[in-house]
**Student:** 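The structure follows.
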Amino acid sequence: MDVAIIGLGIHPFGRTDDMTGLDQGAFAARKALEDAGASWDDMDFAYGGSAAAGNADALVNKLGLTGLQFINVANGCATGGSALQSAYMAIKSGMFDMGMAVGFDKHPRGAFTVDPEKSGLGKWYGDVGMALTPQFFGMKIQRYMHEFGISEDTLIKVAEKNFRNGTLNPNAWRQKAISYDEIKASPMVCDPLRKYMFCSPAEGGCAMILCRADKAKQFTSKPIYLKAVSVKTRNFGSFEVFTQAQALDRADSPTVKASKAAFELAGIGPEDIDVAQLQDTESGAEIMHMSENGFCADGDQEKWFAEGHTEINGKLPVNTDGGCLANGEPIGASGLRQVHEVALQLRGDAGKRQVPNQPKTGYTHVYGAPGLSGVTILSV
Amino acid sequence: MATSVANQVPIAEGLFTWPSNDPRLLGSKCKNCGVVLFPAQSSCPACCTEDSDVIELERRGKIWTFTIQNFLPNRPPYEGPETPETFKPYGVGYVELADQTRVEARIQTDDVSKLHIGQDVELVVEKYIERDGKDIISFFFKPVDEV
Ligand SMILES: [Zn+2]
């Protein structure tokens with residue numbers, strides 16, 4: 001039994017001072033129900049997540065106490081992707097016909113603060129100033145640039161593209177383009193990454209309604225099918241955040257594993273993808289994730305950006321809604337936003353940022369601490 | 001060393017030999033698969049067994065990758081001695097120790113702009129901060145020409 005997405009809902013990302021995270025989640029959930037032409041009472045189940053805005057299952061107080069199965073999901077930056085994967089399995093197993101995946105968040109301003117002991121690291125690691133995720137991102141892309149000849153120019157172009165795409169997305173946080181020169185002149189955060197190459201913690205909500213494929217047409221003329229969902233954690237030797245010592249023999253990242261598993265499940269390859277969302281916590285991540293997900297060889301990103309292959313009208317548009325850079329990162333909602341965007345593109349409903357020539361197959365990838373990736377493949 | 005050993009406390013137990021005239025980082029080597037870990041731990045995430053020896057790690061290595069921390073980290077968890085006024089960007093990197101592992105460490109240098117991949121660095125174990133009247137001792141790597 002295939003699984004279809006029949007309803008999409010989003011609360012704009014960014015800062016909404018007069019709404020709690022939970023309110024933004026409820027807003028997105030209602031939008032998704034409305035989009036599907038379904039009611040909350042129709043939902044057999046829901047999987048929901050929020051990292052900093054309370055328990056997702058508190059949504060039932062807002063949406064209705066219908067007695068449905070509601071399970072909270074907590075899986076770091078892959079929380080949204082994991083909620084979707086759980087919903088997919090619930091339907092795939094035959095246990096349920098229809099349900100919701102939902103995520104929301106509301107983070108305080110400024111960089112994420114890390115408690116090393118919660119991650120099984122010694123307190124000393126934070127004391128000495130190494131428990132900072134931007135350092136990991138800086139060190140990973142620094143090595144990658146050294147090995148594969150990626151230039152600072154390409155780091156800048158990633159940010160420039162995503163902020164430009166954000167100007168076409170009414171739900172994006174940053175809707176103002178940032179020029180190449182402004183990005184290049186912005187302060188260094190963790191070398192080689194500058195201020196305008198990083199996404200920031202934010203707020204927002206996203207929800208989607210899923211059902212058995214054979215029931216989808218009762219609700220919508222444009223169902224989007226989930227052809228594959230895969231979540232993988234790190235193997236020994238992959239280069240991950242907060243690794244106090246790295247093995248000399250480097251292993252494939254969880255992204256490589258999740259991507260391969262998803263393509264195998266869907267029975268297609270990277271060349272069949274028409275539009276993609278790749279985790280862009282910062283510029284370097286998008287570059288490395290292009291190859292880790294199998295879309296190009298290591299080092300080819302330099303040429304891809306010079307030739308604009310990942311622009312909205314390019315051969316593989318990437319992060320058409322502005323990605324994490326333009327939308328910010330409300331952890332619980334971020335992975336679902338990616339799927340929301342690709343589903344909109346496949347429906348042909350992406351407005352000013354619509355990818356031309358009716359894309360038929362899409363791809364999403366989320367990556368998060370402490371080293372896990374979630375991939376989905378969608379088709380019309 | 002300005003103060004006596006009695007007044008010096010390692011930042012955490014088991015990270016390095018202390019007190020010592022030639023301090024070394026302490027790792028563990030899996031008896032089953034030979035993988036070296038830092039800090040030392042009894043279980044092996046590579047082969048899922050639980051039998052290892054504590055070993056001393058190499059004193060010298062090469063920078064495998066690095067970054068420069070350009071802003072004062074949040075407190076907590078950070079406990080460095082700087083104020084926003086005195087903060088200077090500092091290096092953090094993975095130092096490759098031949099045939100062992102790549103250890104993440106702060107890189108102490110007078111000139112962060114000269115840090116580069118492949119640079120030769122050496123372990124130093126020295127005072128990091130003062131806490132409750134004691135000197136807290138931590139480990140760093142320094143470019144060999146600055147040691
Ligand atoms: Zn082992």
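Numbered from 1 within each chain, the chains take letters A, B, ... in sequence-line order. Keep in mind that the numbers below use all heavy atoms, side chains included, and drop hydrogens, waters and symmetry copies.
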**Student:** Need one label for A/Phe137: side chain, backbone, both or neither, based on atoms under 4.5 Å from any heavy atom in chain B.
**Tutor:**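 Neither part; nothing is under 4.5 Å.
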**Student:** Checking A/Arg250 against chain B: side chain, backbone, both or neither under 4.5 Å from a heavy atom?
**Tutor:**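 Contact with chain B involves the side chain of A/Arg250 alone.
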**Student:** Report the distance from atom CG of B/Leu57 to atom CD1 of B/Ile55, rounding to the nearest 0.5 Å.
**Tutor:**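 The distance works out to 5.5 Å.
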**Student:** Can you say whether B/Ser138 sits under 4.5 Å from chain A via the side chain, the backbone, both, or neither, judging by heavy atoms?
**Tutor:**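 For B/Ser138, the side chain is the part near chain A, not the backbone.
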**Student:** So what's closer than 4.5 Å to chain B heavy atoms on A/Phe239: side chain, backbone, both or neither?
**Tutor:**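 When you check distances to chain B, only side chain atoms of A/Phe239 fall under 4.5 Å.
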**Student:** Side chain, backbone, both or neither: which part of B/Pro89 has a heavy atom under 4.5 Å from chain A?
**Tutor:**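 Answer is neither: B/Pro89 stays 4.5 Å or more from chain A.
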**Student:** Please state whether the side chain, the backbone, both or neither of B/Val35 comes within less than 4.5 Å of a heavy atom of chain A.
**Tutor:**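 Answer is side chain: those atoms of B/Val35 sit under 4.5 Å from chain A.
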**Student:** Where do B/Arg60 and B/Asp120 land on the side-chain contact (heavy atoms from CB on, under 4.5 Å) test, with the steps shown first?
**Tutor:** CA-CA 7 Å; B/Arg60 279 199 177 187; B/Asp120 290 308; 5.8 Å; no
**Student:** Does A/Asp153 pair with A/Lys184 as a salt bridge, N-O distance under 4.0 Å?
**Tutor:**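 Salt bridge between A/Asp153 and A/Lys184, a charged N being under 4.0 Å from a carboxylate O: no.
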**Student:** Return yes if some donor-acceptor pair links the side-chain N/O of B/Ser20 with the main-chain N/O of B/Thr17 below 3.5 Å, else return no.
**Tutor:**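 No, the answer is negative, given that no donor and acceptor are paired below the 3.5 Å cut-off.
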**Student:** Please name the residue in the list B/Leu115, B/Asp111, B/Thr109 that meets the side-chain contact (heavy atoms from CB on, under 4.5 Å) test with B/Ser113.
**Tutor:**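 Of the listed residues B/Leu115, B/Asp111, B/Thr109, the side-chain contact (heavy atoms from CB on, under 4.5 Å) partner of B/Ser113 is B/Asp111.
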**Student:** For the backbone of A/Glu282 and the side chain of A/Asp280, can you confirm whether one donor and one acceptor N or O come within less than 3.5 Å of each other?
**Tutor:**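 No, A/Asp280 side chain to A/Glu282 backbone: no donor-acceptor pair under 3.5 Å.
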**Student:** Given a strict heavy-atom distance threshold of 4.5 Å, which part of B/Gln69 is in contact with chain A: side chain, backbone, both, or neither?
**Tutor:**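 Looking at B/Gln69, backbone and side chain both touch chain A.
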**Student:** Is A/Leu248 in contact with chain B via its backbone, its side chain, both, or neither, using a 4.5 Å heavy-atom distance?
**Tutor:**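 Answer is both: backbone and side chain atoms of A/Leu248 are under 4.5 Å from chain B.
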**Student:** When you look at CD of B/Glu13, are more than 12 heavy atoms from neighbouring residues, nucleotides or ligands closer to it than 6.0 Å?
**Tutor:**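 Open: at most 12 neighbouring heavy atoms sit under 6.0 Å from CD of B/Glu13.
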**Student:** If you tally heavy-atom pairs under 4.5 Å against chain A, which of B/Tyr78, B/Tyr90, B/Phe38, B/Tyr94 wins?
**Tutor:**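 Going by pairs under 4.5 Å, I would pick B/Tyr94.
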**Student:** Could you tell me which of B/Ala46, B/Pro73, B/Ala12, B/Gly80 has the largest number of non-hydrogen atom pairs under 4.5 Å with chain A?
**Tutor:**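 Most heavy-atom pairs under 4.5 Å with chain A: B/Ala46.
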